[in-house]
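These numbers come from a predicted model, not from an experiment. Counting starts at 1 for both ligands and their atoms, following the listed order.
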Amino acid sequence: MNKRNYISLFSVFVIVLFALQSCHVDPVIKDELPADNIRLIVPSGWPAPVYDFSTNLLTKEGFVLGRKLFYDTQLSRNNTISCGSCHQQFAAFSHLDHAVSHGIDGLIGTRNAPGLFNLNWNTSFMWDGGINHIEVQPLGPIANVVEMDEDINNVVSKLQGDADYRRLFREAFGTETVTTQLILKAMAQFQGMLVSYNSKYDRYSRGETSLSTNEMNGLNLFQQKCNSCHTAPLFTNYQFMNNGLDSVFVDAGRGRITMLAADSGTFKVPSLRNIALTRQYMHDGRFETLEEVLDHYSSGVVNSSTISADVVGGIPLTAQEKADIISFLKTLSDYTFINDPRFADPF
Ligand code: HEC
Ligand code: HEC
């Protein structure tokens, strides 16, 4: 073969390699991912993501910029609160031990900060689904007067005046001109990379480990009693439902968005991945422990006009059944995810 043929053969090889990488679906995912491994992750057996970066090319530089923005207090009016203040990595990006969020000037919100992971699969955002796209989601907390209370145009000017950001925007997007759209694209790259798929349950599903007798009992009970709403593998069906918390709705939830009586008191079914790491529980953080949650389903369900059929009359459970379900729920904790240095605060 002459030199030219070698070169073209080599380029075909490189193209094939790239093609393989871009549509790569991991058959088995090992715990250690190289520190610079930034690519779309779709664990095997999962549905296709709703958001796949096709309109926002995922790059290491975009991810690094998005991470810095996520952890930067400059996104708040008085430079005290970052997204990471309420979304802590060690708590799977929820706000540990906070029933409802605490934001700027110590102001208190009305809802519990959910964990952030597998957001590429979300069909909507927030407990009431009031935001429908990952790329616009950060505008909510930035403008919210009890969260960050900042005007996005001020954020743009602050970042524009910062030489380090000008460099990061150039590296990520080829321009030093900071815009709202580029801020949002970079943040979507960071948030979209927060994929949690390495819990004990995942390793069990991949045939890499086994579950204990209690965990197995819990899994079987879960499949019978909980999976219709908290559907594996994402542990949510993404529907808005009423799981019997109240008979009178202080927070109308989905009803606040649609103004329909049929949606009043319904909330987005939360994923139960990492659930042992994200207390407190429910949209208003009313329960501190998983025991309290199981007591609710077993004997605390109250009737109302919009209660979901699956929880009418409660889901009676013995003490042993509750304990087994909790053992199973603990297998959904992903310690690789909460310790992944790629997602940590870079400041
Ligand atoms: C003061 C605490 C606080 C701050 C700061 C904050 N959040 Fe949140 N976050 C919350 C709360 C509370 C909710 C639930 C709000 C609701 O449902 O109405 C939430 C919801 C979310 C969701 C929706 C998750 C889902 O599964 O639906 C995302 C994504 C998110 N926040 C990202 C961010 C980003 C990005 C920032 C920074 C720009 C940020 N948050 C700043 C408290 C906070
Ligand atoms: C009818 C659907 C449905 C069924 C069945 C159901 N859940 Fe839920 N679950 C929900 C909804 C909706 C919420 C959020 C409610 C809210 O905050 O207002 C929720 C919340 C939770 C939470 C709190 C999550 C968080 O992040 O705060 C846990 C834990 C939980 N459910 C566990 C279970 C278990 C265990 C079972 C089976 C015994 C079960 N659920 C059955 C719909 C359901």
Side-chain angles (χ1 to χ4, degrees), residues 66 69-73 75-76 81-87 93-95 98 100-104 107-119 122 124-131 134 137-144 146-150 155 183-184 187-188 190-191 194 218 221-222 224-230 235-246 249 251 253-254 256 265-276 278-287 289-290 292-294 296-298 307-312 314-315 317 321-322 325-326 328-329:
L69 290 165
F70 185 88
Y71 284 106
D72 194 342
T73 53
L75 269 60
S76 67
I81 305 275
S82 73
C83 310
S85 307
C86 297
H87 297 287
F93 293 97
S94 69
H95 204 180
H98 283 69
V100 292
S101 66
H102 289 209
I104 195 158
L107 290 170
I108 300 205
T110 56
R111 290 193 180 151
N112 179 260
L116 304 183
F117 45 80
N118 307 336
L119 297 174
N122 273 18
S124 68
F125 295 84
M126 308 307 193
W127 284 100
D128 54 22
I131 293 182
I134 193 172
Q137 190 283 330
L139 293 174
I142 291 172
N144 190 317
V146 300
E147 292 186 344
M148 305 172 98
D149 193 26
E150 180 59 300
V155 176
I183 292 174
L184 295 175
M187 295 192 80
F190 173 68
Q191 296 201 86
L194 301 174
L221 289 163
F222 184 89
Q224 293 158 32
K225 299 173 193 287
C226 319
N227 195 66
S228 59
C229 299
H230 299 285
F235 291 89
T236 165
N237 58 8
Y238 297 104
Q239 306 287 304
F240 298 91
M241 313 202 83
N242 171 345
N243 67 342
L245 293 172
D246 299 304
F249 310 125
D251 183 338
R254 184 65 177 162
R256 246 175 58 176
T266 68
F267 290 85
K268 190 170 67 181
V269 174
S271 172
L272 298 185
R273 285 184 171 272
N274 297 307
I275 194 68
T278 64
R279 68 170 190 273
Q280 322 208 123
Y281 302 116
M282 305 299 167
H283 67 271
D284 54 4
R286 69 179 66 189
F287 298 135
T289 62
L290 290 173
E292 285 175 47
V293 172
L294 271 291
H296 159 71
Y297 282 111
S298 181
I307 189 169
S308 296
D310 289 1
V311 294
V312 170
I315 303 175
L317 299 163
E321 288 174 328
K322 289 180 200 169
I325 291 177
I326 291 172
F328 165 67
L329 291 176

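Ligand 2 has a nitrogen or oxygen under 3.5 angstrom from a nitrogen or oxygen of M282. The shortest N or O to N or O distance between Y297 and ligand 2 is under 3.5 Å.
Under 4.0 angstrom from ligand 2, there are no non-hydrogen atoms of T266.
Heavy-atom proximity to L245, at under 4.0 Å, picks out these atoms of ligand 2: 16 (C), 18 (O). The S308 neighbourhood of ligand 2 comprises atoms 1 (C), with distances under 4.0 Å to a heavy atom of that residue. Each of the atoms 9 (N), 10 (C), 11 (C), 13 (C), 15 (C), 19 (C), 20 (C), 42 (C) of ligand 2 lies under 4.0 Å from some heavy atom of N243. In summary, the atoms of ligand 2 found under 4.0 Å from a heavy atom of K225, numbered by their order in the structure, are 5 (C), 37 (C). Within the listing of ligand 2, atoms 2 (C), 12 (C) sit less than 4.0 angstrom from a heavy atom of M241.
Distances from ligand 2 to the non-hydrogen atoms of T278 include no value under 4.0 Å.
Two residues are said to be in side-chain contact when any heavy atoms from C-beta on lie closer than 4.5 Å; S82 and D72 fail this criterion. E321 is not listed as a side-chain neighbour of S298, based on a closest heavy-atom distance of 4.5 Å or more. Using a 4.5 Å heavy-atom cutoff, the side chains of K268 and H283 are not in contact. Annotation: side chain of W127 is not in contact with side chain of T110 (no heavy-atom distance under 4.5 Å). Side-chain contact between V155 and M148 is absent, with no heavy atoms from C-beta onward closer than 4.5 Å.
Taking 2.8 Å as the criterion, H230 counts as a coordinating residue of atom 8 (Fe) of ligand 2, since one of its N, O or S atoms falls below it.
The structure places CD1 of I325 at 8.0 Å from CD1 of I315, a figure rounded to the nearest 0.5 Å.
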What does the N/O contact table under 3.5 Å look like for ligand 1?
unit_1: ligand 1; atom_1: 7 (N); unit_2: H87; atom_2: NE2; d: 3.0
unit_1: ligand 1; atom_1: 9 (N); unit_2: H87; atom_2: NE2; d: 3.0
unit_1: ligand 1; atom_1: 17 (O); unit_2: W127; atom_2: N; d: 2.8
unit_1: ligand 1; atom_1: 18 (O); unit_2: R111; atom_2: NH1; d: 2.9
unit_1: ligand 1; atom_1: 26 (O); unit_2: N122; atom_2: ND2; d: 3.2
unit_1: ligand 1; atom_1: 27 (O); unit_2: M126; atom_2: N; d: 2.7
unit_1: ligand 1; atom_1: 27 (O); unit_2: K268; atom_2: NZ; d: 2.8
unit_1: ligand 1; atom_1: 31 (N); unit_2: H87; atom_2: NE2; d: 3.0
unit_1: ligand 1; atom_1: 31 (N); unit_2: Q137; atom_2: NE2; d: 3.4
unit_1: ligand 1; atom_1: 40 (N); unit_2: H87; atom_2: NE2; d: 2.9

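Between I275 and L329 the shortest heavy-atom distance is CG2-CB, 3.9 Å. What you find for F240 and S124 is that their closest heavy atoms are CZ-OG, 3.5 Å.
The aromatic ring centres of F267 and F249 sit 6.0 Å or more apart.
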Would M241 and D310 satisfy side chain to side chain contact (heavy atoms under 4.5 Å, CB included), going step by step from the backbone distance to the final call?
CA-CA 10 Å; M241 313 202 83; D310 289 1; 5.9 Å; no
So D251 and D284, side chain to side chain contact (heavy atoms under 4.5 Å, CB included) or not? Walk me through it.
CA-CA 9 Å; D251 183 338; D284 54 4; over 6 Å; no
